[in-house]
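For reference, the structure is listed below as structure tokens.
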Amino acid sequence: MYFCNSYPAGNWKEYIKTSLGCGLYLDYVLPFNLPKFDIGINIKEDWSFVTPKKENINSILDFTFLPGVYIRIPFCIGNFKGAFVPDLSYGLSIHNVYGNKDSNISGFYFDQLIGITTGFRFCIPYFEKLEIDTSHVSTFVFEDSNVITQVGFRIGFVYHFEMK
């Protein structure tokens with residue numbers, strides 16, 4: 001589970017101020033038994049509240065579904081353990097737009113998107129199955145002929161379940 005915040009870049013700055021939300025992250029390490037790193041697949045689901053700049057829009061609620069792939073490269077500095085976890089994902093964003101009474105912009109909008117994260121995970125001493133996840137997040141949303149760009153961060157916790 002994590003909290004996320006993103007800011008618009010490019011032309012998107014004219015439409016929104018920021019988005020704030022939370023999400024759920026599930027991953028599975030593929031059984032390749034590689035010596036230096038792990039490769040895995042994941043699914044991220046984000047729920048965000050977007051604050052618009054345009055006067056004809058009251059609010060926007062976003063739901064994002066992003067399956068993807070990642071590489072987990074562990075590192076150790078003394079007793080401190082962590083991992084660098086870059087991620088690439090492709091999925092769907094559903095925007096629920098609430099417009100003013102005078103506008104006809106209200107409704108659901110569906111867009112494709114690509115997400116790129118450069119994450120770091122840090123092990124918590126005495127809780128080896130629990131990690132703190134901090135990530136830089138870049139999102140590219142394909143809307144008609146435009147590409148909407150957002151940059152932000154994600155912070156949360158990852159718990160590793162063992163499957164036998």
Side-chain angles (χ1 to χ4, degrees), residues 1-30 38-73 83-122 129-161 163:
M1 177 174 221
Y2 57 86
F3 297 98
C4 53
N5 190 10
S6 62
Y7 300 94
N11 294 340
W12 193 228
K13 289 181 185 179
E14 297 173 21
Y15 298 97
I16 70 165
K17 296 175 186 174
T18 186
S19 69
L20 182 64
C22 63
L24 185 62
Y25 180 98
L26 302 171
D27 72 22
Y28 175 75
V29 176
L30 297 173
D38 294 323
I39 297 175
I41 55 175
N42 59 30
I43 296 174
K44 292 180 287 297
E45 296 177 1
D46 294 348
W47 300 272
S48 298
F49 176 77
V50 180
T51 53
K53 279 188 177 179
K54 294 290 187 179
E55 293 180 11
N56 63 337
I57 300 174
N58 288 332
S59 64
I60 303 170
L61 297 175
D62 274 352
F63 171 74
T64 303
F65 177 77
L66 284 165
V69 295
Y70 68 91
I71 297 174
R72 187 177 195 282
I73 305 167
F84 174 60
V85 188
D87 171 299
L88 176 64
S89 52
Y90 174 79
L92 177 69
S93 181
I94 302 170
H95 315 284
N96 189 1
V97 178
Y98 296 96
N100 292 338
K101 292 178 184 176
D102 300 334
S103 71
N104 61 353
I105 197 165
S106 294
F108 288 94
Y109 298 87
F110 299 86
D111 293 314
Q112 300 176 59
L113 70 148
I114 291 176
I116 299 171
T117 61
T118 51
F120 286 95
R121 292 186 183 172
F122 306 99
K129 294 184 182 207
L130 187 64
E131 294 178 327
I132 297 173
D133 175 51
T134 59
S135 299
H136 167 269
V137 178
S138 296
T139 306
F140 305 94
V141 180
F142 302 97
E143 183 179 83
D144 296 327
S145 62
N146 296 327
V147 176
I148 297 169
T149 306
Q150 289 181 275
V151 293
F153 64 91
R154 176 179 79 207
I155 186 165
F157 295 97
V158 177
Y159 184 81
H160 297 279
F161 294 97
M163 298 177 69

### Summary
dist Ile155:CD1 -> Ile132:CD1 (nearest 0.5 Å) comes out at 7.0 Å

#### Entry: Those residues that, when tested against Tyr90, pass ring-ring contact (aromatic ring centres under 6.0 Å, His included) (two or more places apart)
none

#### Entry: Donor on one side chain, acceptor on other, Asn42 and Ser89, under 3.5 Å
no

### Taking every non-hydrogen atom, the tightest pair across Asn58 and Gly99
ND2-O, 3.5 Å

### Task
Output yes when Arg121 and Asp38 qualify as a salt bridge under the 4.0 Å nitrogen-oxygen rule, no when they do not.
no

### Query
Below 4.5 Å, heavy atoms only, C-beta onward: do Phe63 and Asn96 meet side chain to side chain?
no

### Message
Check Asp27 with Arg72, please: is the shortest side-chain N to carboxylate O separation under 4.0 Å?
### Response
no

### Message
So which atom in Asp111 and which in Phe142 form the shortest heavy-atom distance, rounded to 0.1 Å?
### Response
OD1-O, 3.6 Å

### Task
Determine whether the side chains of Ser19 and Ser6 contain a donor N or O and an acceptor N or O closer than 3.5 Å.
yes

### Query
Of the non-hydrogen atoms in Tyr25 and Tyr70, which two are nearest, and what is the gap between them?
OH-CD2, 4.1 Å

### Query
With a 4.5 Å limit on heavy-atom distance, are the side chains of Phe49 and Leu61 in contact?
yes

### Query
When you check the side-chain N and O atoms of Asn146 and Asn11, is any donor under 3.5 Å from an acceptor?
no

